[in-house]
Amino acid sequence: GDLIIPDGVTTIEDDAFYKCSGFTGKLVIPDSVTYIGEWAFAYCTNLERVSTNQATKIDKNAFNECPVQIEWRE
């Protein structure tokens with residue numbers, strides 16, 4: 001199913017969900033998140049889509065080796 005990060009979270013730390021292949025479907029990141037750290041979702045190979053705010057800073061390796069499509073919200 002979808003993984004929805006709770007509203008109010010501001011940072012997803014480095015390695016937070018590293019290699020969590022149990023996540024499937026869509027990852028929904030609320031507007032409150034301003035930064036997604038290095039390797040935060042790297043190797044989460046079953047994630048399909050990510051929905052996030054355009055203002056969110058995403059580390060270059062945050063989604064390394066993930067076959068995801070990022071949907072940017074305004």
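In what follows, every heavy atom counts, from backbone to side chain, and hydrogens, waters and symmetry copies are set aside.
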Could you tell me the separation between the [atom1] atom of [X] and the [atom2] atom of [Y], rounded to the nearest 0.5 Å?
X     : Y     : atom1 : atom2 : value
Ile58 : Trp72 : CD1   : CH2   : 3.5 Å
Ile70 : Thr56 : CD1   : OG1   : 10.0 Å
Lys26 : Arg49 : NZ    : CZ    : 5.0 Å
Cys44 : Phe23 : SG    : CZ    : 6.0 Å
Gln54 : Glu71 : CD    : CD    : 12.5 Å
Ile29 : Asp31 : CD1   : CG    : 10.5 Å

>> Please evaluate residues Asp59 and Tyr35 with respect to the criterion side-chain contact (heavy atoms from CB on, under 4.5 Å), reporting the C-alpha separation (whole Å), side-chain torsions for both, the decisive distance (0.1 Å), and the verdict.
In response: CA-CA 8 Å; Asp59 185 273; Tyr35 178 72; 3.9 Å; yes

> Are Ser51 and Arg73 linked by a side-chain donor-acceptor pair shorter than 3.5 Å?
Replying inline: yes

> So Lys60 and Glu38, salt bridge (Lys or Arg N to Asp or Glu O under 4.0 Å) or not? Walk me through it.
Replying inline: CA-CA 7 Å; Lys60 66 180 179 179; Glu38 188 171 22; over 6 Å; no

>> If you compare all heavy atoms of Pro30 against all heavy atoms of Pro6, which two are closest, and at what distance to 0.1 Å?
In response: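 Heavy atoms only, the tightest pair is CG-O, 3.5 Å.
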
> If Ile, Leu, Val, Met, Phe, Trp and Tyr residues are connected whenever their side-chain heavy atoms lie under 4.5 Å apart, and connections chain through other members, are Trp39 and Val68 in the same group?
Replying inline: no

> Under a single-linkage definition using a 4.5 Å side-chain heavy-atom cutoff for Ile, Leu, Val, Met, Phe, Trp and Tyr, are Val28 and Ile12 assigned to the same hydrophobic cluster?
Replying inline: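 They do not share one cluster, since no chain of ILVMFWY contacts under 4.5 Å joins Val28 to Ile12.
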
> With under 30° as parallel and over 60° as perpendicular, where do the rings of Phe41 and Phe63 fit, or are they tilted in between?
Replying inline: parallel

> Backbone N or O of Asp7 within a donor-acceptor pair of the Ser32 side chain at under 3.5 Å?
Replying inline: no

> Considering the options Leu27, Ile5, Leu47, which one meets the side chain to side chain contact (heavy atoms under 4.5 Å, CB included) requirement together with Phe17?
Replying inline: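 Going through the options one by one, the only one that passes is Ile5.
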
